[in-house]
J.: 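My questions all concern the structure below.
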Number of protein chains: 2
Amino acid sequence: MKPKGAFEKLKQQDRVIRRNIIMDSAERVFATNPFHKVSMRDIAREAGIATSSIYTYFPNQETLFVEAAIRDTDILISKLREYLESSREVQVEEFINIFIDYFITHDAYFRMVSLFMLYGSISPDLVEKVNVITRSLLDVFDTLFRKKGCTGDVRMLSHVFFAALGGILISYRKYPGRSEEEIIRHMKRLGTIAKEMIEAYIRR
Amino acid sequence: MKPKGAFEKLKQQDRVIRRNIIMDSAERVFATNPFHKVSMRDIAREAGIATSSIYTYFPNQETLFVEAAIRDTDILISKLREYLESSREVQVEEFINIFIDYFITHDAYFRMVSLFMLYGSISPDLVEKVNVITRSLLDVFDTLFRKKGCTGDVRMLSHVFFAALGGILISYRKYPGRSEEEIIRHMKRLGTIAKEMIEAYIRR
DNA sequence: TGTACATCAGTGAACGCGCGTTCACTGATGTAC
DNA sequence: TGTACATCAGTGAACGCGCGTTCACTGATGTAC
């Protein structure tokens, strides 16, 4: 074994940076191509490296995609947590806005996640990672409902609300014949209605 | 032009039947393979014909998939309409059950539709067909809410409810480590909560 | 009834293409003495 | 300081494969006379 000095540490940091560059490139390609036209060659071109170099950082394509999705979920969770902790009076509507905005501005991420949900058979060693991050995300929803004075089976509420927001995103993302602004406005309006339903249900 | 007698009619009926056989085969392949492993060769093998024969009935793969999805949506709409018309006292819960059951028992159909929503760039001549059928489906939701004594902006309610059910389906379809029965039970429980939210909102 | 011709669903082989991944190799950098 | 060697990120070409689609052709069936 080698000594794990500062050099070794720097090297590892480099590795993380390079992995991030590749994941960024993957998302840019995902954002501009239909999923079946996203290839390792395209990703490498976008990153400015040889196709084979990707395999220095990721064992295969699936791992690259899943790890990119996990990374983005981490960021989303941070944003939501930050809002819940920083704000004095938490607003469900603002929470929804942060959630929807993140997916709209990270369309590639949204498409990756949706594909995993549809496909549903990622390799076993990745499944556990995905489960952990999914639970963390649902935990954030739990916190929201607790802050709004909810007691009892909060988790089920989180499931429904998470699913509803995801459904709104996937159902109206490509509303034919509408501009992007109109679509976003429509999604947020639906989000507001969903919020009012939740609140009516809580107050019930 | 040829005379359009009984013979001609029979031929056309044959054509419809054959098209349906191919669409059925496509769905069976879709149901057992991840989407990127669904090929024209697999579909042909499933149907017991030569790959090239598919092109006698469908101009290309995309049209085959979209037309299969449209056909299934038609059937779903019929089932929902039938319930709304036949039942004396319409139950939202039963409506949800019919909706969820249909997608669970037609997983291939669900995956096709989800893919179109994700992909979002089917060819222009198919878009209009899809729009028409989507509106019809939302109309059925409208009817449900009207029957439950709703007035005003029913359409937005339909959008939210449709999205929520779709979101539940896509989010929990592949709940890791759960049996199919558990998953269905979970989905229906979430559907029930969604129903209670809607009703709390209406009564508000 | 028999014969020549037309139609057309269905076929099998082939075309051209792009994919994920592998691998022997390069060349810059660090290490040992 | 100089030299020989080790390491390893990065490369370009290739492998094997499966895809959607096309097309000249077959052969069963219907039509005309």
Side-chain angles (χ1 to χ4, degrees), chain A residues 1-22 25-26 29-30 33-68 112 115 119 121-123 126, chain B residues 1-23 25-26 29-30 32-68 112 115 119 121-123 126:
Chain A
M1 276 292 108
K2 284 289 172 61
K4 287 209 174 172
F7 277 116
E8 201 64 19
K9 212 169 160 185
L10 247 178
K11 247 195 199 168
Q12 284 189 16
Q13 281 175 7
D14 264 26
R15 198 177 158 80
V16 170
I17 292 169
R18 277 166 230 265
R19 280 169 60 91
N20 274 318
I21 289 172
I22 293 170
S25 305
V29 176
F30 241 101
N33 292 85
F35 58 88
H36 62 269
K37 283 188 188 163
V38 176
S39 71
M40 296 303 255
R41 281 166 183 80
D42 291 335
I43 295 167
R45 195 181 309 122
E46 177 71 28
I49 58 176
T51 308
S52 50
S53 299
I54 297 177
Y55 291 86
T56 308
Y57 297 96
F58 298 92
N60 51 51
Q61 193 183 51
E62 184 195 36
T63 306
L64 166 57
F65 291 165
V66 173
E67 298 216 356
M112 283 178 178
L115 276 184
Y119 192 161
S121 67
I122 53 178
S123 67
L126 289 173
Chain B
M1 278 287 110
K2 284 290 172 57
K4 287 209 175 174
F7 276 116
E8 201 63 20
K9 210 169 162 185
L10 246 179
K11 249 197 200 169
Q12 284 190 14
Q13 280 175 7
D14 263 26
R15 196 176 160 81
V16 170
I17 291 168
R18 278 165 228 265
R19 281 169 60 91
N20 273 320
I21 289 172
I22 293 171
M23 290 191 276
S25 305
V29 176
F30 240 100
T32 50
N33 291 86
F35 57 88
H36 62 269
K37 283 187 186 162
V38 176
S39 69
M40 297 302 256
R41 280 166 183 79
D42 291 335
I43 295 167
R45 194 180 311 121
E46 178 71 30
I49 56 176
T51 307
S52 49
S53 300
I54 297 177
Y55 291 85
T56 308
Y57 297 96
F58 298 92
N60 52 49
Q61 195 183 50
E62 185 196 36
T63 305
L64 165 57
F65 292 164
V66 173
E67 297 215 357
M112 282 179 180
L115 276 185
Y119 192 162
S121 65
I122 52 179
S123 67
L126 289 172

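Quick note on labels: first sequence line is chain A, next is B, and so on, each numbered from 1.
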J.: Does B:L64 reach the side chain of B:I43, with side-chain heavy atoms less than 4.5 Å apart?
T.: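 SC-SC contact between B:L64 and B:I43 confirmed.
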
J.: Using a 4.0 Å heavy-atom cut-off, does A:R41 contact any base of the nucleic acid, only the sugar-phosphate backbone, or nothing at all?
T.: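 Base: the residue A:R41, judged by heavy atoms under 4.0 Å, touches a nucleobase.
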
J.: Which of these nucleotides, C:dG12, D:dT21, D:dT11, is closest to any side-chain atom of A:S53?
T.: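 Out of C:dG12, D:dT21, D:dT11, the nucleotide with an atom closest to A:S53's side chain is D:dT11.
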
J.: Is the phosphate of D:dG10 approached by A:R18 (side-chain N or O, under 4.0 Å from OP1 or OP2)?
T.: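 Yes, within the criterion.
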
J.: At under 4.0 Å, does any side-chain N or O of B:Y57 touch on OP1 or OP2 of C:dA9?
T.: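 Negative; the distance criterion is not met.
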
J.: Can you tell which of C:dT11, D:dG12, C:dT21 lies closest to the side chain of B:A50?
T.: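 Given the options C:dT11, D:dG12, C:dT21, the side chain of B:A50 is closest to C:dT11.
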
J.: Starting at NZ of A:K37 and ending at C1' of D:dG20, how long is that distance when rounded to a whole Å?
T.: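 Computing the A:K37:NZ to D:dG20:C1' distance gives 12 Å.
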
J.: I want to verify a distance call: between C:dT11, C:dG20, D:dT21, whose nearest atom is closest to the B:I49 side chain?
T.: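 Of the candidates, C:dT11 comes closest.
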
J.: Which whole-number value in Å describes the distance from B:I54 CD1 to C:dT11 C1'?
T.: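 About 13 Å, once rounded to whole Å.
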
J.: Which distance, rounded to the nearest 0.5 Å, do you find between the CD1 of A:I22 and the CD of A:E46?
T.: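 If we round to the nearest 0.5 Å, A:I22:CD1 and A:E46:CD are 12.5 Å apart.
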
J.: Can you name the nearest heavy-atom pair linking B:N60 to B:M40, along with the distance?
T.: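 Of all heavy-atom pairs spanning B:N60 and B:M40, the closest is C-CE, 4.4 Å.
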
J.: Starting at CZ of A:R45 and ending at C1' of D:dG12, how long is that distance when rounded to a whole Å?
T.: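 Rounded to whole Å, this separation is 15 Å.
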
J.: Do A:L115 and B:F35 have side chains that get closer than 4.5 Å, going by heavy atoms?
T.: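 Yes. Closest side-chain heavy atoms under 4.5 Å.
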
J.: In the structure shown, which nucleotide is the Watson-Crick or G-U wobble counterpart of C:dT1, with both distances under 3.5 Å?
T.: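 C:dT1 is paired with nothing.
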
J.: Quick one: which of D:dG20, C:dC19, C:dT21 gets closest to the side chain of A:D42?
T.: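 For A:D42, the side-chain atoms sit closest to C:dC19.
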
J.: B:D14 has an atom CG; how far is it from atom C1' of D:dG30, in whole Å?
T.: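 Distance, rounded to whole Å: 14 Å.
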
J.: What is the distance from CD1 of A:I43 to P of C:dG18, rounded to the nearest Å?
T.: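 Rounded to whole Å, this separation is 17 Å.
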
J.: Please state how far atom CG in A:N60 lies from atom C1' in C:dT22, giving the value in whole angstrom units.
T.: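 A:N60 atom CG is separated from C:dT22 atom C1' by 13 Å.
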
J.: May I ask you to test the A:V66-A:F58 pair for a side-chain heavy-atom distance under 4.5 Å?
T.: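 No. Closest side-chain heavy atoms not under 4.5 Å.
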
J.: Report yes if a side-chain nitrogen or oxygen of B:T56 is closer than 4.0 Å to either non-bridging phosphate oxygen (OP1 or OP2) of C:dG10; otherwise report no.
T.: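 For B:T56, the contact criterion (side-chain N or O under 4.0 Å from OP1 or OP2 of C:dG10) is not met.
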
J.: So which atom in B:S123 and which in B:E62 form the shortest heavy-atom distance, rounded to 0.1 Å?
T.: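 Minimum heavy-atom contact is N-OE2, 3.1 Å.
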
J.: Please report, rounded to the nearest Å, how far the P atom of C:dA9 is from the CD atom of B:Q13.
T.: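 Going from CD in B:Q13 over to P in C:dA9 covers 16 Å.
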
J.: Paired with D:dT29 by Watson-Crick or G-U wobble geometry, both distances under 3.5 Å: which nucleotide is it?
T.: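 Pairing partner, where one exists within any strand: C:dA6.
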
J.: Roughly, in whole Å, what's the span from CZ in B:F58 to C1' in C:dA9?
T.: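 Going from B:F58 (CZ) to C:dA9 (C1'), I get 15 Å.
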
J.: Under 3.5 Å for both donor-acceptor distances, Watson-Crick or wobble: does D:dA24 have a partner, and if so which one?
T.: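 C:dT11 is the nucleotide pairing with D:dA24.
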
J.: Applying a 3.5 Å limit to both distances, which nucleotide forms a Watson-Crick or G-U wobble pair with C:dC19?
T.: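 The base-pairing partner of C:dC19, which may sit in any strand shown, is D:dG16.
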
J.: In terms of the nearest nucleotide of DNA chain C, which residue is placed more toward the 5' end: A:H36 or A:S52?
T.: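 Here A:H36 is the residue nearer the 5' end.
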
J.: Given D:dT11, is OP1 or OP2 found less than 4.0 Å from the side-chain N or O atoms of A:Y55?
T.: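 The answer is no; no side-chain N or O of A:Y55 sits under 4.0 Å from OP1 or OP2.
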
